[in-house]
Novice: 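One structure is given below, represented as structure tokens, and several questions about it will come after.
These numbers come from a predicted model, not from an experiment.
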Amino acid sequence: MTVSTSAATPASGAPASASRLLETRSIDRVPERERHGSPASQFSLWMAANLQITAVVDGALAIVFGAEAATAIVGLLLGNLLGGAVMALHSAQGPRLGLPQMISSRVQFGVKGAALPLMLTLVMYLGFAATGTVLSGQAINLLLGAQSPLTGILVFGGLTALIATVGYRLIHVVGRISTVLGILGFGYLALRLFQQHDVASAFGQKPFSLASLLLTMALAAGWQLTFAPYVADYSRYLPTSTSTARTFWTTFAGTVLGAQLAMTFGVLVAAVGGGFLKNQVGFMGELAGPAVAAAIYVVIVAGKLTVNCLNAYGGCMTLLTTLTAFRPSMRIGPTARAATVIGFVLLSMAVAVLASADFLNHFKNFVLLLLAVFVPWSAINLVDYYLVSREKVDIPALYDPRGRYGAWNAMALGCYVMGVLVQIPFLNQKLYRGPIADWLGGADISWIVSLVLTSLVYYPLARRSMRVPASMIYPD
């Protein structure tokens with residue numbers, strides 16, 4: 001495979017990628033001379049990606065689904081802890097491999113076989129980018145005094161394309177800024193909520209329900225697991241010597257803390273009423289008050305900008321990974337990466353325009369549907385990396401369909417399909433409710449069933465069939 005992404009080394013001896021903001025690499029491995037940063041960067045990035053308005057909506061959905069406030073908060077915490085642990089285990093792969101997350105799927109599924117989870121991942125990126133663009137577009141319109149939804153969508157799309165095109169470094173800078181703004185903004189909104197509403201009255205309105213607890217766990221776990229297919233994209237520039245434990249814990253702390261704060265706020269604003277579910281952005285502006293509303297709209301845009309750039313950047317990596325599997329000679333330079341990012345953003349903007357009329361309903365169904373297709377992928381990837389391959393990967397073979405991992409791995413693909421299908425009786429979604437979910441009173445435990453069964457089936461089969469190298473094999 002010919003991948004034209006390497007940066008020249010300047011006279012100072014420092015790599016070009018370290019001396020300028022514009023990223024030059026794409027799906028190839030980041031060499032040691034270009035590694036930089038510390039695990040602390042993972043905390044700020046994932047704190048910002050979670051402490052934002054879409055996570056607030058996700059928390060509010062727990063009340064929409066009928067959970068009592070205390071039950072919802074506990075269930076969301078359990079889901080964030082479990083899902084966040086799985087997500088952070090993927091992040092810990094970044095420094096060791098130096099690769100985008102989905103490239104590593106070729107170890108399990110084969111160079112071409114990885115296209116199946118890759119394309120589903122691309123749909124996820126588009127969906128989250130579009131829903132984020134809807135909310136951010138509303139906030140921008142309120143800031144500018146514009147009436148047409150298209151105005152805010154165009155402005156936000158342009159900002160996303162610019163930052164995602166510049167790449168890794170700027171995305172982390174935006175994440176640090178958004179973390180500070182998010183803490184200040186949501187802290188102020190929480191204070192205003194307690195001043196204007198009887199928050200205590202939101203608790204104890206309904207009896208405890210196990211089904212509601214499990215459903216809220218699924219909401220939070222699903223939220224966290226949707227980060228898993230691209231989380232290592234943002235830790236792969238860390239030095240190879242970076243501690244696996246530190247990468248795990250900084251990612252875990254950032255993603256769980258940010259999500260839990262935002263989702264708990266969502267539970268409270270939905271439980272006390274006030275019209276949040278009808279107009280999420282407008283409600284937050286009214287809650288802040290006229291003097292501070294504009295600042296809150298900036299907080300909303302900054303938070304969504306962070307995660308939208310993750311979606312656009314990850315979508316670019318996913319699409320390029322898929323294309324190069326079938327066209328190994330394809331050259332990927334900065335221009336090709338920029339064009340892919342811009343194309344993705346334009347498509348997500350088109351989806352946003354079509355989905356804006358019924359955002360909450362679309363998002364509710366979208367989150368739960370995604371959980372069904374990403375749990376088995378995550379199980380296979382983690383079991384293989386930590387228990388079968390034991391962190392030993394033949395990196396050059398990831399780009400060669402005739403190499404160690406082959407073009408297709410029927411065993412892994414079969415386990416993946418099984419992991420999706422086994423969830424059907426346990427699903428509780430708008431379009432389908434399985435018989436076991438009915439028997440459980442509406443509880444959706446499909447993700448737990450899939451995570452456990454996929455792991456148990458894949459592990460012994462992979463132990464017998466996977467061609468694991470004796471040690472990590474790096475490119476020349």
Side-chain angles (χ1 to χ4, degrees), residues 37-59 73 76-92 94-95 101 128 132 135-136 160 163-164 168-191 219-238 242-243 245-267 284 295-296 298-314:
S38 71
S41 64
Q42 304 306 301
F43 176 84
S44 58
L45 180 67
W46 294 107
M47 180 82 166
N50 285 276
L51 191 56
Q52 42 97 357
I53 190 170
T54 315
V56 175
V57 175
D58 196 61
I73 292 171
L76 291 169
L77 176 60
L78 293 174
N80 277 317
L81 290 172
L82 292 172
V86 174
M87 176 266 204
L89 284 170
H90 288 288
S91 178
Q101 185 73 70
F128 271 108
L135 292 176
S136 298
T160 300
I163 296 170
Y168 182 92
R169 280 181 175 272
L170 186 54
I171 290 173
H172 274 282
V173 170
V174 172
R176 288 192 288 272
I177 295 171
S178 297
T179 296
V180 175
L181 292 178
I183 292 171
L184 295 175
F186 281 99
Y188 176 77
L189 287 172
L191 178 63
L219 276 172
W223 173 271
Q224 294 293 348
L225 288 171
T226 53
F227 289 126
Y230 63 29
V231 60
D233 294 10
Y234 309 99
S235 60
R236 77 187 196 279
Y237 277 86
L238 294 176
T242 302
S243 164
R246 286 190 65 200
T247 306
F248 172 87
W249 285 113
T250 50
T251 304
F252 177 79
T255 196
V256 171
L257 183 60
Q260 188 62 30
L261 289 174
M263 291 179 186
T264 299
F265 182 75
V267 168
M284 292 176 73
I296 292 301
V298 171
V299 170
I300 291 172
V301 174
K304 286 312 306 174
L305 191 57
T306 300
V307 75
N308 230 51
C309 289
L310 301 186
N311 291 324
Y313 185 89

Novice: Can you find a heavy atom in the side chain of Lys304 that is under 4.5 Å from one in the side chain of Ile53?
Specialist: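 Yes - at least one pair of side-chain heavy atoms lies under 4.5 Å apart.
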Novice: Could you state the interatomic distance from OG1 (Thr179) to CG (Leu184), rounded to the nearest 0.5 Å?
Specialist: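 The CG atom of Leu184 is 11.0 Å from OG1 of Thr179, to the nearest 0.5 Å.
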Novice: Which atom names give the shortest non-hydrogen contact between Leu51 and Ala262, and what distance separates them?
Specialist: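 Looking at all heavy atoms of both residues, the shortest contact is CD1-N, 4.0 Å.
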Novice: What heavy-atom pair brings Phe248 and Ala85 nearest, and what distance separates the two atoms?
Specialist: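 So the two residues come closest at CE1-O, 3.4 Å.
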Novice: Find the distance between OH (Tyr168) and OG (Ser235) and round it off to the nearest 0.5 Å.
Specialist: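 The OH atom of Tyr168 sits 6.5 Å away from the OG atom of Ser235.
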Novice: Tell me, do Tyr188 and Val299 make a side-chain contact under 4.5 Å, heavy atoms counted?
Specialist: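 Contact flag for Tyr188/Val299 side chains = no.
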Novice: Could you tell me which residues satisfy side-chain contact (heavy atoms from CB on, under 4.5 Å) with Val231, sequence neighbours excluded, listed by chain and number?
Specialist: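 Applying side-chain contact (heavy atoms from CB on, under 4.5 Å) to Val231 gives Trp46, Met87, His90, Ser91, Gln101, Thr251.
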Novice: What is the distance from atom CH2 of Trp223 to atom OG1 of Thr54, rounded to the nearest 0.5 Å?
Specialist: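 These two atoms lie 5.0 Å from each other.
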Novice: Within the structure provided, determine whether Gln260 and Ile73 are in side-chain contact (heavy-atom separation under 4.5 Å).
Specialist: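 Heavy-atom side-chain distance check passes, below 4.5 Å.
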Novice: Below 4.5 Å, heavy atoms only, C-beta onward: do Val173 and Ile177 meet side chain to side chain?
Specialist: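 Side-chain contact under 4.5 Å: yes.
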Novice: Do you know which two heavy atoms are closest between Leu181 and Ala302, and how far apart they sit?
Specialist: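 What the structure gives for the nearest pair is CD1-CB, 3.8 Å.
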Novice: Hey, could you give me the CG/CG distance between Asn50 and Asp58, rounded to the nearest 0.5 Å?
Specialist: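 Interatomic distance, Asn50 CG to Asp58 CG, rounded to 0.5 Å: 10.0 Å.
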Novice: Suppose we call two aromatic rings close when their centres sit under 6.0 Å apart. Are Tyr234 and Tyr313 close by that rule?
Specialist: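 Yes - the distance between ring centres of Tyr234 and Tyr313 falls below the 6.0 Å cut-off.
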Novice: Looking only at non-hydrogen atoms, find the nearest pair between Ser136 and Ile300 and report the distance.
Specialist: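 That would be OG-O, 4.4 Å.
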Novice: Hey, does the side chain of Gln224 reach the backbone of Ala221 with a donor-acceptor pair shorter than 3.5 angstrom?
Specialist: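 Side chain of Gln224 to backbone of Ala221: no pair is present.
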Novice: Using 0.5 Å steps for rounding, measure from the CZ atom of Phe252 to the CG atom of Leu81.
Specialist: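 The CG atom of Leu81 is 5.0 Å from CZ of Phe252, to the nearest 0.5 Å.
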Novice: Using every non-hydrogen atom in the two residues, find where Ser41 and Leu238 come nearest and quote the distance to one decimal.
Specialist: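 Taking every non-hydrogen atom into account, OG-CD2, 4.2 Å.
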Novice: Contact between Ile171 and Thr306 at the side-chain level, heavy atoms closer than 4.5 Å - yes or no?
Specialist: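 No, side chains not in contact.
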Novice: On a heavy-atom basis, which atom in Gly175 and which in Ala48 lie closest, and how many Å separate them?
Specialist: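 Taking every non-hydrogen atom into account, O-CB, 3.2 Å.
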Novice: Under 4.5 Å between any side-chain heavy atoms of Leu310 and Leu45, yes or no?
Specialist: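 Heavy-atom side-chain distance check passes, below 4.5 Å.
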Novice: Dump the intermediate steps for side chain to side chain donor-acceptor pair (under 3.5 Å) on Gln42 and Thr247, then the final yes or no.
Specialist: CA-CA 7 Å; Gln42 304 306 301; Thr247 306; over 6 Å; no
Novice: Hey, what's the ring geometry for Tyr230 with Phe227, parallel, tilted or perpendicular (30° and 60° as the breaks)?
Specialist: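 Tilted: the ring planes of Tyr230 and Phe227 meet at 30° to 60°.
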